[in-house]
Amino acid sequence: MAKNIIVPSVKGTREFYPEEMARRNFIYEKAREASQSFGYQEWDAPFIETLELYAAKSGEELVKEQAFTFTDRGGSFVTLRPELTPSLARMIAKKQRQLVYPVRWWSFGPFWRYERPQKGRSREFFQWNIDMLGPVSPEADAELIAIAVKFMQLVGLDPKLARVYVNNRQLMDSEFDKLDIPTESRLMVSNLVDRRSKMKADAWAKYALEAGLSQNQLDGLIALLENKELWKEWDDLVRLFAALDALGVSEYVEFDPNIMRGLLYYTGTVFEAFDLTGGVRRAILGGGRYDNLLADVGGDPLSGVGFAMGDVVAGIVLEENGLLPEFDPSPAPVLVTVFAEEFMAESLLLSAELRESGIKVMSYPKADKIGKQFKFSNKMGMKIALVLGADEVENAQVAVKNLVSGEQVKVARADIPEKIKKMLAGE
RNA sequence: GUGGCUGUAGCUCAGCUGGCAGAGCACCUGUCUGUGGAACAGGAUGUCGCGGGUUCAAGCCCCGUCAGCCACCCCA
């Protein structure tokens, strides 16, 4: 065996062997189907942006700690995009007067964050982003949630396996007002809420008191977070749930006052989808409503609603639930074998004819022992192998072997394309 | 960025208180000079992650480093 030392890949990057590529494409296809079924247009932005673009927008941590930044050969600070929203804001701003509203855009592409890699989190990942820009209405928010649900349905995640949890930041702010929690403490309280599910109740309570809450405020906060009926007191959420009901997705969606979301720019509805079956409750996707999207990139005020889904967690969830389609190694179901060197041209000619008639065909590239060629076709999961040996060539025939049933018949050379098509059609 | 666990054949892993580097699967060859999936027989395979140290002797002990995993942090 080779003793070569293989140059390692960059830490946290992903290598997509055909099987992993099939998984990524599966997620992409389902995201596209969900997006397009609601009329969204596909778009994309640069993978490299200036550091400046992110400095004003995204959460502090995201830029300072997690951005993949470097200096280019010209001395400019550039960043591998850690998220899409700032690029979206700029691109919208540049054509703000020309676009047709509501803008409905979706995208699927690579992102980079300089984090410590572990399961479900790498430094390089693919993300589905989808946004509606323009209208401010609970019904628009509901549409995005319905798209998330559509994706879940398309991949086979039913309400027993995964669910979308919804909250509203304005509602929470008004509740925090009632508890006399000052504005400057809101971020702290948000983090506190995010952390609650990960800590034991008494440890969390202690932590909250140390963070500056009074016992009264803590009691109020707990009561608030336990109140699953709170949405009924907030008009936007009442309308949101009515819309979700009309869209037929309400069994997938629940109100949950514990959903806060770290990103600063969310201003209204926020939501996250979780896998209910896994040991770790990790968010599959998350999003919400944001206002003043364009404020920092020089556009006029415009609000929107959207969400993002990473391929890493989504892939794990699908795998753990047995929802990934079986990997089919060969895109071509037919193999043309090469019986001997002297029949190579015959075999190539046959494979070319079959492709001409629209059939996906692989040619075996050399005259290996026929058994080896069959073994190859078997490992590649192919359906049909064709053999052109001395007997067949002499009689203008081709031996056609059904690799699934094991049956083999000889067919007149001229009838081969039709015969293969019928076999592949299941006849 | 902080703390912990792990790293041995292509893969999954065993390897005792330091004493000749192992198994299963996969692979190759043959049984089978016109046929895959099965069976049987045989065969090849290692910088024991990397670098240093201790020792007569290190896969095993010590230090460092890299990578993966887990928990924080954050989030997709």
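All chains are named by letter (A, B, ...) in the order of the sequence lines, taking the proteins before the strands, and each is independently numbered beginning at 1.
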Next on the checklist: Does either side chain, that of A/N167 or that of A/Y266, offer a donor lying less than 3.5 Å from an acceptor on the other one?
Outcome noted: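 No.
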Checklist entry - For residues A/W234 and A/S174, is any side-chain donor paired with an opposing acceptor at under 3.5 Å? => result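 Checked: A/W234/A/S174 side chains show no N/O donor-acceptor pair below 3.5 Å.
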Item to check | Secondary-structure stems for RNA chain B, with pairs counted as Watson-Crick or G-U when both distances are under 3.5 Å and runs at least 3 long | outcome: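 Stem segments, range with range: B:1-7 with B:66-72, B:10-13 with B:22-25, B:27-31 with B:39-43, B:49-53 with B:61-65.
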Checklist entry - How many angstroms lie between CD in A/Q373 and CD1 in A/I370, if you round to the nearest 0.5 Å? => result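 Here the rounded value is 4.5 Å.
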Within the 4.0 Å heavy-atom criterion, would you say [X] contacts the bases, only the backbone, or no part of the nucleic acid?
| X | answer |
| --- | --- |
| A/G287 | nothing |
| A/D391 | base |
| A/S9 | nothing |
| A/V317 | nothing |

Can you identify which nucleotide, out of [options], has its nearest atom closest to the [X] side chain?
| X | options | result |
| --- | --- | --- |
| A/R116 | B/rG30, B/rG1, B/rG34 | B/rG1 |
| A/E115 | B/rC74, B/rC27, B/rU35 | B/rC74 |
| A/I370 | B/rG68, B/rU35, B/rA76 | B/rU35 |
| A/K379 | B/rG68, B/rC27, B/rG36 | B/rC27 |
| A/A308 | B/rG68, B/rA76, B/rG34 | B/rA76 |
| A/R113 | B/rG34, B/rG36, B/rA76 | B/rA76 |
| A/N378 | B/rG36, B/rA76, B/rG30 | B/rG36 |

Checklist entry - Taking OP1 and OP2 of B/rG30, is either one under 4.0 Å from a side-chain nitrogen or oxygen of A/K369? => result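 Affirmative; the distance criterion is met.
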Checklist entry - For A/K401 and B/rU35, is the shortest distance between a side-chain N/O and OP1 or OP2 below 4.0 Å? => result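 No.
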Under 3.5 Å, is there an N or O donor on one side and an acceptor on the other linking the side chain of [X] and the base of [N]?
| X | N | value |
| --- | --- | --- |
| A/R121 | B/rC73 | yes |
| A/Q373 | B/rU35 | no |
| A/Q408 | B/rG34 | no |

Item to check | Under 5.5 Å and under 30°: A/F111 stacked on B/rA76 | outcome: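 Here the ring of A/F111 and the base of B/rA76 are not stacked, as the 5.5 Å and 30° limits are not both satisfied.
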Checklist entry - Who pairs with A/E29 by side chain to side chain contact (heavy atoms under 4.5 Å, CB included), at least two apart in sequence or on another chain? => result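 Partners of A/E29 by the side chain to side chain contact (heavy atoms under 4.5 Å, CB included) criterion, ordered by chain and then number, come out as A/R32.
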Item to check | Ion pair check, A/E115 and A/R121, cut-off under 4.0 Å | outcome: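 A/R121 and A/E115: salt-bridged.
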Item to check | Ion pair check, A/D141 and A/R289, cut-off under 4.0 Å | outcome: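 A/R289 and A/D141: salt-bridged.
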Next on the checklist: Taking atom NZ as the centre, does A/K410 end up with more than 12 heavy-atom neighbours from other residues, nucleotides or ligands that are less than 6.0 angstrom away?
Outcome noted: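 Yes, NZ of A/K410 has more than 12 neighbouring heavy atoms, counting only those of other groups under 6.0 Å.
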Checklist entry - Is there a side chain to side chain contact (heavy atoms under 4.5 Å, CB included) between A/Y364 and A/K372 once you walk through the steps? => result CA-CA 10 Å; A/Y364 202 85; A/K372 190 171 178 180; 4.2 Å; yes
Item to check | Between B/rC11 (P) and A/E19 (CD): distance, integer Å | outcome: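 That distance rounds to 15 Å.
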Checklist entry - In terms of the nearest nucleotide of RNA chain B, which residue is placed more toward the 5' end: A/S405 or A/K372? => result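 With A/S405 and A/K372 compared, the 5'-side residue is A/K372.
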